[in-house]
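Model, not experiment: these values are computed from the prediction. Each ligand, and each atom within it, is numbered from 1 in the order the structure gives.
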Amino acid sequence: MNTFSGVGVSPGRVTGPVKQMPPTVLEPPAGQTLAPGTSAEHAVETLKTAASAVQAELRERADRATGDAKEILQATALMAADPALIKSSTKLIGTGLSAERAVWEAAEEVAAMLRQLGGYMAERVHDVFDVRARLVAQLRGLPAPGVPAGTEPFILIAEELAPADTATLDPALVLALATSEGGPQSHTAIIARALGLPAVVAAPGVTGIVEGTEVFLDGAEGTLSIEPSAEQRAAAQSWAAKSATRGNFDGRGILADGHLLPLLANVGNAKEAVLAAAAGAEGVGLFRTEFLFLNRDSEPSMEEQVEAYRGVFQAFSVPGEPRKVVVRTLDAGADKPLPFLSNAAEPNPALGLRGYRTGLNNPGVLKRQLEAISTAAVGTAAEVWVMAPMISTPAESADFADLCRAAGLRSSGVMIEVPAAAISAAKIFQHVDFASLGTNDLTQYTMAADRQLGLLSGLNDPWQPSVLKLIAGCAEAAQAAAKPLGVCGEAAADPALAVVLAGLGVSTLSMTARALPAVAAVLKTVSLKRARELAVLALAEASAEDARTAVRGGLPALHELGL
Ligand code: PEP
Ligand code: MG
């Protein structure tokens, strides 16, 4: 096969050699013993050599990396030769276990100890497991797990990326991403858009491409071709040459007729908020607070929460010029499990205790979070709005608004990401001040298609006319209630879909800061009247594909900008 087809989730055309993401390291079988003829002493020596090799490789990568990636790699390098880990492993090898199995169990012991210590130490548990996987891969003579290292730029291919891979993914080295799994709302798609990398997901067969093969990837078309033609090489050069014209956002989301459509950013911490403000974002439409809670065994303290929230507010605190920051309360469960809140053993985690529902078991966590947000909001010029994820009923919305009032928060809202909430939007608006459409989950629940599953990516597409109809209904309800309705799912970052959303009547769009210039550039070329016509076109189609094609055909700017 010369061309692989998938779903284009981040536009861009590039050529380059591929590197495959190594497979996940599997657990050595329980009770695995030393190979016949191998002495315990020899196994210990082999383990020590492996630990030194892993440490050296991580150090070398840390030397080349910058920022967060550097810190993570340095910490992991230290852990690789941790004397406690080697000592416990040596003891277990002494009982007859293989080096692989011994280090696997020893890491488990170290992790349990760190968990018990809590706080910062508990947060190191994932470093221990990362090192364990690297040691086992080294012992097996397999490539190290995680994003491969390299000195020359490459196109990264994987089954699917995990959020943790973002930290060690160097955008200066990785030209583009392609996966066999995932969908438009999957982690790979989100990571690609955040880093501004062209990407194709759900492309079966790409994990079989031989390492080093030269390919052409088209993130708008959703294709990857081996042996690029002269035409494809020219397309990649032209994309690179146009990067300057796509690069800037002047800080105002506006349609051709002057209709204002504020463009906001999705952020997860203060650092991202500062970058978003520098990129011209008019505010924050989604502050995903769960990043402060992930990879932890216990709830962050009140002080820690206040500091983290204040950091984001400060980035948009411009006296005399109120900038909105919409804080989403903790969205745990399903694809974001938290050991102290969610139950990993639920049969259907996406339909279980997630988002606002985790409060059913642990009401205190939400109350303390609202208190921390309220405290952090004191003294900032940012306009602090708060919303709850995974709301299903008007009653839940009313309860959440009560909790916000009790915490002294002025503006409360909900995310509409469950079809029931979309259908009841008019009643929900009776209780809250605003709503924001979480189109990632709204699509997965409307289409009953897991957002991580590559095979279902055709269903899991926000262009699905059923999803657009639900959005249209919400926009009507918002207009009748004269209350704001934003979009903060990945749909807002698709320039063509952004036009449709404007035409359907949403009042703001929130996206990764990287997507702001492209979305703004396309919005500028259409009037509200034209956007409404295109929205009507999309709603009239019977499939996501036809809706997308009909709208893209009416937007010549997409072609001119290489989107
Ligand atoms: C969404 O579901 O659209 C959303 C913005 O929330 P998340 O992607 O964090 O679930
Ligand atoms: Mg969601």
Side-chain angles (χ1 to χ4, degrees), residues 9-10 160-163 166 182-194 201 263-269 272 276 284-294 325-338 341-342 349-358 385-392 396 400 413-422 425 434-453 457 460-464 467-468 470-471 474 485-494 497-498 501 506 508-513 515:
V9 292
S10 183
E160 160 70 325
L161 296 180
T166 328
Q185 264 85 243
S186 63
H187 294 301
T188 304
I190 294 174
I191 292 170
R193 291 192 199 109
V201 302
L263 300 183
L264 314 169
N266 292 353
V267 304
N269 53 40
E272 284 178 19
V284 170
L286 171 63
F287 171 14
R288 287 185 164 104
T289 57
E290 56 275 6
F291 287 107
L292 181 64
F293 292 68
L294 288 177
V325 175
V326 184
V327 187
R328 170 174 76 188
T329 56
L330 181 59
D331 185 23
D335 55 337
K336 297 169 226 167
L338 283 188
L341 259 189
S342 43
L351 302 180
L353 282 184
R354 61 161 297 198
Y356 182 68
R357 301 168 183 183
T358 52
W385 295 17
V386 185
M387 66 182 181
M390 275 295 280
I391 288 289
S392 306
E396 285 175 354
F400 181 68
V414 296
M415 284 188 78
I416 296 185
E417 44 186 357
V418 173
F434 71 97
S436 182
L437 286 154
T439 47
N440 308 338
D441 279 313
L442 184 61
T443 307
Q444 94 161 330
Y445 293 125
T446 303
M447 304 310 295
D450 189 328
R451 65 195 254 191
Q452 311 292 345
L453 272 187
S457 62
N460 211 317
D461 184 337
W463 282 94
Q464 285 286 350
V467 177
L468 298 179
L470 284 178
I471 297 174
C474 293
L485 172 71
V487 176
C488 63
E490 294 300 301
D494 172 340
L497 194 45
L501 294 169
V506 309
T508 53
L509 296 176
S510 190
M511 65 204 76
T512 171

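By the criterion of a heavy-atom distance under 4.0 Å, neither the backbone nor the side chain of I190 is placed next to ligand 1.
Proximity of a side-chain donor or acceptor of T358 to a complementary backbone N or O of L353 within less than 3.5 Å is not detected. A donor-acceptor pair under 3.5 Å links the side-chain atoms of E417 to the main chain of M390, judged by distance alone. In this structure, the side chain of T446 does not engage the main chain of P419 through any donor-acceptor pair within 3.5 Å.
The Mg ion (ligand 2) has D441 among its coordinating residues (N/O/S atom, backbone or side chain, under 2.8 Å).
Atom CD1 of I416 is separated from atom OG of S392 by 11.0 Å, given to the nearest 0.5 angstrom.
Contact atoms of ligand 1 toward L286: 5 (C) (distance under 4.0 Å to a heavy atom of the residue). Under a 4.0 Å criterion applied to the non-hydrogen atoms of G489, ligand 1 contributes the atoms 3 (O), 5 (C). The contact set between ligand 1 and M415, taken as ligand atoms under 4.0 Å from a residue heavy atom, comprises 4 (C), 5 (C), 6 (O).
Note on ring orientation: taking the six-membered ring where Trp is involved, the planes of Y356 and F400 are perpendicular (angle over 60°, cut-offs 30° and 60°).
A donor atom on one side chain and an acceptor atom on the other are found under 3.5 Å apart for S510 and N266.
One option in R451, Q444, M390, R288 has a heavy atom closer to atom 10 (O) of ligand 1 than any other, and that option is R451.
With hydrogens left out, the protein atom closest to atom 6 (O) of ligand 1 is R328 NH1, 3.0 Å, a heavy atom.
The atom name of the N/O/S atom in E417 closest to the Mg ion (ligand 2) is OE1.
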